There are 2 protein chains.
Amino acid sequence: MGVRERREKEREQRRQDILTSARAVFLKHGFEQTSMDRIAQAAELAKGTLYLYFKNREELLMALIGDDFEELLEMIEQTVKRKEPSDKKLLHCTTAFYRFSQDNQFFYQLMTQLHFKPECLMNQPSTATITQFQEQNERLMALLSQVLQEGVDTKVFQLDHPIHYVVMQLTVAMKGTMVVLKNNMIPVTLKRPSDEKIIHDVATLLIKGLRRQQAQ
Amino acid sequence: MGVRERREKEREQRRQDILTSARAVFLKHGFEQTSMDRIAQAAELAKGTLYLYFKNREELLMALIGDDFEELLEMIEQTVKRKEPSDKKLLHCTTAFYRFSQDNQFFYQLMTQLHFKPECLMNQPSTATITQFQEQNERLMALLSQVLQEGVDTKVFQLDHPIHYVVMQLTVAMKGTMVVLKNNMIPVTLKRPSDEKIIHDVATLLIKGLRRQQAQ
DNA sequence: CACAAATATGACCAATGGTCATTTACTATG
DNA sequence: CATAGTAAATGACCATTGGTCATATTTGTG
């Protein structure tokens, strides 16, 4: 059945084409101005067609993130491999994440805009896209866990909770920090330092909290 | 000119009535389901009328938050007044904030949904609502600054940055944490502890980072 | 009463995410 | 080649949204 096979390939190709077009639209017009219709237009397809390849907008966005997430993971992997004190390593992971987000603005925006509604994670039989995203997320968590474990082993860190829980704490706090800054969710009258500096300092503060305290 | 005066009062009254109605709608139908039209309906007014009292949806939401924010501020003031070590005080402020948000769900939701677009803070001559909100925010920051200052004075904390900057760090991180948790912006496959516990622990971690380290 | 100013109205607009009956392109079979 | 059947694409259509504005109503004043 060479036909079925070819069909599948073509289908996958179309999917990729749509993603490519979507990416271009995002880069050109920003998150706010990117409607499904616009994406369809850019892909030279009808809007309805998009829904043959993606369940809804959210899934399209998620799929769009996939490749970038992969790239990010590789960067973090590099960072983790380096020979450095664990606390520095952790900080570097954070800044790597931020830098990457800066360089890939639409990734950043999507990342901070995606909301995982219960339906998205529970109800459905979990599409490939969602599965992929979750897997990538788990890999990220695993990498961070590794750094923390090293830190504990080398007596740099002393954790009050299981490693996985601490990873979650860090992730939530850092991602939250980014979201708040990026979306101006705090009214700052006075001018503030760059987002990068703030994020760096918040990460430093958190990491300081992980550090082994000298016996008093 | 008793007329002008009365007119103003009536106008203010209408505004309040609208807010009351809006609040009811929010409580009954949740954030997602509360459109301007619905609010208008609840207030027994036409949609257009709302725009005579509020510049746009955002301002209405902000105004809605005002009273609650006031209440929260009083709670935090109480907390700050207590005689306690500064670190505990700070932690209590955080949990107070979270608890309050829980008890006033729509406040919470609005709080975490409001985005301060540049136009909102810069362009306009800053409506009374925005001013109020900013003032309240500054009071909150001032209270936290006070706690930090106490902590520094009593040698509980040792800050690496100016107090105001640290306050911002804490605020951004904690608010971010709440936003991420509330909006499920992190895909958690495994079940996690309650949001309250996570928030408590993140706060603890941050505060630990502020604590004076024993000279090694 | 007549005029003017403040208020209120709701039809209307442009966008948006999403649907679905219909059409089009392609392929296996007689 | 013709025909039936299937997969893919379409775009008109829908409901909903925030927001506008010409028109109508109410109110106060001379």
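This is a predicted model, so every value here is computed, not measured. In the text below, chain A, chain B and the rest are named by the order of the sequence lines, each starting its count at 1. Hydrogens, waters and symmetry mates play no part in the numbers below; they use all other heavy atoms, side chains included.
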Output the residues of residues 35-43 of chain B in contact with DNA chain C, where contact means a heavy atom of the residue under 4.0 Å from an atom of the strand; sort by number or write none.
-> none
Does NZ or CZ of Arg11(B) come closer than 6.0 Å to the centre of the six-membered ring of Tyr53(B), within 45° of the ring's axis?
-> yes
Is the count of non-hydrogen atoms from other residues, nucleotides or ligands lying under 6.0 Å from Lys28(B) atom NZ greater than 12?
-> no
Quickly work out the Leu50(A) CG to dT16(C) P distance and round it to whole Å.
-> 14 Å
Closest nucleotide among dT9(C), dA8(D), dG19(D) to the Lys47(B) side chain | dG19(D)
Derivation of the salt bridge (charged side-chain N to carboxylate O under 4.0 Å, His left out) call for Asp160(A) and Lys208(B) | CA-CA 11 Å; Asp160(A) 300 332; Lys208(B) 209 171 158 194; 3.1 Å; yes
Nearest-Å distance, CG (Leu61(B)) to C1' (dG18(D))?
-> 12 Å
Figure out the CG/C1' separation between Asn56(B) and dT17(D), and round it to whole Å.
-> 14 Å
Quick one: Leu52(B) CG to dT25(D) C1', roughly how many Å, whole number?
-> 13 Å
Quick one: Leu45(A) CG to dA8(D) P, roughly how many Å, whole number?
-> 13 Å
Where the side chain of Arg7(B) is concerned, which of dG18(D), dA8(D), dT7(C) is the nearest nucleotide?
-> dT7(C)
Distance, rounded to the nearest Å, where Glu59(B) contributes CD and dG19(D) contributes C1' = 14 Å
Test Arg139(A) against Glu77(A) for side-chain contact (heavy atoms from CB on, under 4.5 Å), laying out the working first.
-> CA-CA 10 Å; Arg139(A) 277 168 61 201; Glu77(A) 257 161 29; 3.8 Å; yes
Ala46(B) side chain, from C-beta outward: closest of dT20(D), dA8(D), dT9(C) = dT9(C)
Please report, rounded to the nearest Å, how far the C1' atom of dT7(C) is from the CD atom of Glu8(B).
-> 15 Å
Lys/Arg N to Asp/Glu carboxylate O, Arg15(B) vs Glu59(B), below 4.0 Å | yes
Which sits closer to the 5' end of DNA chain D, Arg57(B) or Thr49(B), going by the nucleotide each is nearest to?
-> Arg57(B)
With a 4.5 Å heavy-atom cut-off, do Leu170(B) and Leu205(A) have their side chains touching?
-> yes
Between Arg11(B) (CZ) and dT27(D) (C1'), how many Å, whole number?
-> 15 Å
Answer with base, sugar-phosphate or nothing: what part of the nucleic acid does Phe54(B) contact at a heavy-atom distance below 4.0 Å?
-> nothing
Does Glu44(B) CD have over 12 foreign heavy atoms under 6.0 Å away?
-> no
In terms of side-chain heavy atoms of Tyr51(A), which of dT20(D), dG17(C), dA8(D) is nearest?
-> dG17(C)
